[in-house]
Amino acid sequence: MKPHEPSLLYHLVRFNHVRNKEIAAILYEMGELLEIRGENRFKVIAYSRAARAIESLKEDIEDVWRRGELDRIPGVGKAIAEKISEYLTTGHIKAYDDLVSSTPKGMKELLQLQGVGPKTVALLHEKLGVSTVDELEAAARQHRIRRLPGMGPTKEANILKAIERHRRRSTRIPLSVAVRIVEHIMRHLEGIEGLSNITVAGSYRRGKETVGDIDILATSSRPSESIAAFVRMPMVDDILGQGPTKASIIIEGTVQVDLRIVEPRSYGTLLQYFTGSKEHNVKLRGIALQRGYSLSEYSLKRLDTGEELFFDREEDVYKALGMQYIPPELREDRGEIEAALANRLPELVDLSSIKGDLHVHSTWSDGVGSIEEMVSHARSLGYEYIAITDHSPSVGIAGGISEERLLEKVETIYRMNEGLEGFRILAGTEVDIRADGSLDYRDEILERCDVVVAAIHMAQSQKEREINSRLVAAMENEHVDIIAHPTGRIIGRREPYRVDMDLILETAARTGTIMEINAYPERLDLSDEWARRAKEMGVRMAISTDAHSPDQLGFMRYGVTVARRGWLEPSNVINTLSAKDLMRHLGI
DNA sequence: GCCGTTTTCGGCCCGACTGTTTTCAGTCG
């Protein structure tokens, strides 16, 4: 059973941002192309800044254009406004077409090589006619690079190494893998004498779903010895750089790890700087300038007197700039700085506010833990409830159970609850949404469940229209409480279904259906950005682990991270409710 | 290319490290 409380916001908010995305993509690409062409770097920055502004615009850019207010978008001036206008009128931007046709394909890839930047790419292209990685490799092997101005034998050798690494390099690593690597490194770092206050910063600290590099910072009583010990760790494959205060290494073939050592009095500014994101930092330093300060990773310096202020705590950096402390997960320049200045940051949900898990499997289907084991582990986490949601028959590969078995399970759970004090097992199911949009159990069976989680498992490659109508049909079923892993993506392996998520979220708002944030590290679905959109549309969410073993209940931390990155507060998340309130909400 | 509570021109975030130089440009984060 589900409540009916369609959100007011649903009637007010409409998302139709296709044009915004198209235009942002073109401007981003123009920025990249200009960079390769060796254009003024501030011009390059201007394009990507304008692209970002349009990407995060709250309204349709065509509306802005009709009002003649394009150049009122921050970062958009006369020239870019004209190009946008040209696109909306003719469907083309001549300057863009010219750039694309006059830039050899493959040059963008050159920029991805470590140590090769726009100036080098432009030089290589001009002097040697190099426009692909293969051509660059040939030129390096023939020692043609070292004869160029500003180049030499070392540079040439480094380029060859960078090419080799580039070819081996996989994409960014999933957060869960990064966690394993970090734990491994930390065991070594903790053994290095003199090293203390070790923190992993960067995208890892921000909780991004994939992590590029691993950035570690620390203080040390003997910095250069600590750095030397760091680059000598047994798992180091390569050393990219090593100075008195920082070093970069490669481990596991392709993963870059940076260590930076700082004096304790600058720890706060360093942690702030090293956590990023780059965009967040650029904007923050801009704010500092407006207020007459220069912010670096070492201090906040008054521009007029040159006086330096030091911060050993990160919180105090934000305070000094006149804003609220911004949690790392929000630092993506998606409006968090403006919100912090206005004292309007959300009170983010955290792990301690989670009271239960609404999507887990047991040995009744493909889980490896019995209901008792799942319950026992859930209780040890301090939860008040857990929903046992095994698969339905269509998902035969995952041991989906028949209607009879499901009813048997429901009865079993009812009986188990009688012997439980201070904890509630919810009898549930993860019912499959079949290819034709019907559900895998009859309504009278679903009615017997406390919680019905519905999800697509089969026929995932249908056309968008079909996927949409399947999900909408499921949400319109009065017994369906939650849609699990709503987009179906598996990070790095499977694209999301072809689905109109704006339509799905609108339907969720209209029908009062809860959207899941699946905490399984390979899923994280909804993603942070969709979670934020869902919140804005008044959709409630459940953070669920989809655990198939007692241990996996621990995945909750990844789901909470996604929720925090999506600006969610406890009130947006259904499983922050106490058992009593949740049951009232579900009409049990 | 954008922008303005010192500015419509001259800035644009800031510092470490590298490899090339012989005082610094390029790259990176």
Side-chain angles (χ1 to χ4, degrees), chain A residues 27 30-31 34-35 37-53 70-84 95 110-124 145-159 161-162 201-204 206 212-217 223-224 227 231 239-248 256-262 266 269-270 272-301 303-304 308 321 333:
Chain A
L27 294 178
M30 287 189 77
L34 289 168
E35 188 175 23
R37 306 293 291 262
E39 265 285 359
N40 177 337
R41 69 193 178 98
F42 296 109
K43 190 164 163 180
V44 173
I45 291 168
Y47 271 92
S48 80
R49 186 177 293 159
R52 267 187 82 81
L70 283 176
D71 59 4
R72 288 175 63 174
I73 300 169
V76 176
K78 192 158 169 286
I80 291 181
E82 268 170 20
K83 291 184 176 70
I84 295 170
L110 291 176
L111 271 185
Q112 290 171 19
L113 298 171
Q114 240 148 10
V116 177
K119 291 284 197 295
T120 309
V121 170
L123 179 75
L124 289 166
I145 308 282
R146 63 177 65 182
R147 292 198 290 268
L148 296 176
M151 297 286 161
T154 312
K155 205 105 196 210
E156 195 172 75
N158 284 345
I159 283 175
K161 270 167 97 175
S203 51
Y204 181 89
R206 301 201 309 280
D213 303 336
I214 292 172
D215 306 310
I216 304 171
L217 56 106
S224 50
I227 293 279
V231 303
I239 302 170
L240 295 178
Q242 176 184 0
T245 64
K246 70 185 223 185
S248 296
Q256 182 175 337
V257 183
D258 297 339
L259 173 66
R260 186 144 178 173
I261 290 172
V262 70
S266 293
T269 39
L270 186 81
Q272 194 291 313
Y273 156 75
F274 225 175
T275 298
S277 66
K278 194 173 154 196
E279 293 78 10
H280 174 91
N281 287 353
V282 166
K283 181 162 278 185
L284 203 64
R285 288 179 175 193
I287 299 274
L289 279 179
Q290 279 175 23
R291 310 201 158 199
Y293 292 102
S294 163
L295 175 63
S296 77
E297 51 263 56
Y298 301 105
S299 69
L300 189 63
K301 191 189 288 185
L303 291 173
D304 48 359
E308 278 192 290
L321 292 172
D333 189 23

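Chain letters run A, B, ... following the sequence lines, proteins first, then strands; residues in each count from 1. Any value given below was found using the heavy atoms of this structure, including those in side chains, with hydrogens, waters and symmetry copies removed.
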Nucleotide [N], atom [atom2] - distance to [atom1] of [X] in whole Å:
| X | N | atom1 | atom2 | value |
| --- | --- | --- | --- | --- |
| Lys301(A) | dC13(B) | NZ | P | 16 Å |
| Leu300(A) | dG15(B) | CG | P | 12 Å |
| Leu240(A) | dT18(B) | CG | C1' | 12 Å |
| Arg146(A) | dT18(B) | CZ | P | 20 Å |
| Leu70(A) | dG1(B) | CG | C1' | 15 Å |
| Leu284(A) | dG15(B) | CG | P | 15 Å |
| Gln272(A) | dC14(B) | CD | C1' | 12 Å |
| Lys78(A) | dC2(B) | NZ | P | 10 Å |

Base-contact (B) and sugar-phosphate-only (S) positions in nucleotides 19-29 of chain B, heavy-atom cut-off under 4.0 Å, - elsewhere: SS-----SSSB
Complementary nucleotide of dT8(B), counting Watson-Crick and G-U pairs under 3.5 Å: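 dT8(B) is unpaired by these criteria.
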Tell me which donor-acceptor pairs under 3.5 Å the side chains of residues 147-157 of chain A have, and how far apart each pair is, sequence neighbours excluded?
residue: Arg147(A); atom: NH1; partner: His143(A); partner atom: O; Å: 3.4
residue: Glu156(A); atom: OE1; partner: His143(A); partner atom: ND1; Å: 2.7
residue: Glu156(A); atom: OE1; partner: Arg146(A); partner atom: NE; Å: 2.9
residue: Glu156(A); atom: OE1; partner: Arg146(A); partner atom: NH2; Å: 3.0
residue: Glu156(A); atom: OE2; partner: Ile145(A); partner atom: N; Å: 3.1
residue: Glu156(A); atom: OE2; partner: Arg146(A); partner atom: N; Å: 2.9

Inter-nucleotide [atom1] distance ([N], [M]), Å rounded:
| N | M | atom1 | answer |
| --- | --- | --- | --- |
| dT18(B) | dC12(B) | C1' | 25 Å |
| dC2(B) | dT8(B) | C1' | 12 Å |
| dG1(B) | dT6(B) | C1' | 23 Å |
| dT20(B) | dA25(B) | C1' | 9 Å |
| dG11(B) | dA16(B) | C1' | 24 Å |
| dT21(B) | dG26(B) | C1' | 13 Å |
| dC13(B) | dT27(B) | C1' | 15 Å |

5' priority, DNA chain B, between Val76(A) and Ser296(A) [closest heavy atom]: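 Result of the comparison: Val76(A).
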5' precedence on DNA chain B between Phe42(A) and Gly77(A) (nearest-nucleotide basis):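 The 5'-side residue here is Gly77(A).
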Atom of Val76(A), atom of Ala81(A) and distance for their closest heavy-atom approach: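 Closest pair (atom of Val76(A), atom of Ala81(A), distance): CG1-N, 3.7 Å.
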Distance below 4.0 Å between Tyr298(A) side-chain N/O and dA16(B) OP1 or OP2: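 Looking at the OP1 and OP2 atoms of dA16(B), one of them is under 4.0 Å from a side-chain N or O of Tyr298(A).
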Sugar-phosphate only, base, or nothing, as touched by Ile45(A) at under 4.0 Å among non-hydrogen atoms: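 Counting heavy atoms under 4.0 Å across all strands, no contact is made by Ile45(A).
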Sugar-phosphate only, base, or nothing, as touched by Gln290(A) at under 4.0 Å among non-hydrogen atoms: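 No contact at all - Gln290(A) keeps every heavy atom at 4.0 Å or more from the nucleic acid.
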Electrostatic pair Glu279(A):Lys283(A) at N-O distance under 4.0 angstrom: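 Answer for the salt bridge query: no.
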Would you call [X] and [Y] a side-chain contact if the rule is heavy atoms closer than 4.5 Å?
| X | Y | answer |
| --- | --- | --- |
| Asn281(A) | Gln272(A) | yes |
| Arg49(A) | Phe42(A) | no |
| Ser296(A) | Lys301(A) | no |

Donor + acceptor pair across side chains of Gln114(A), Asn158(A) (<3.5 Å):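 On atom types as modelled, these side chains do not qualify, holding no pair under 3.5 Å.
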Test side-chain hydrogen bond (donor to acceptor under 3.5 Å, both in side chains) applied to Ser203(A) - qualifying residues, sequence neighbours left out: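 Result, side-chain hydrogen bond (donor to acceptor under 3.5 Å, both in side chains) vs Ser203(A): none returned.
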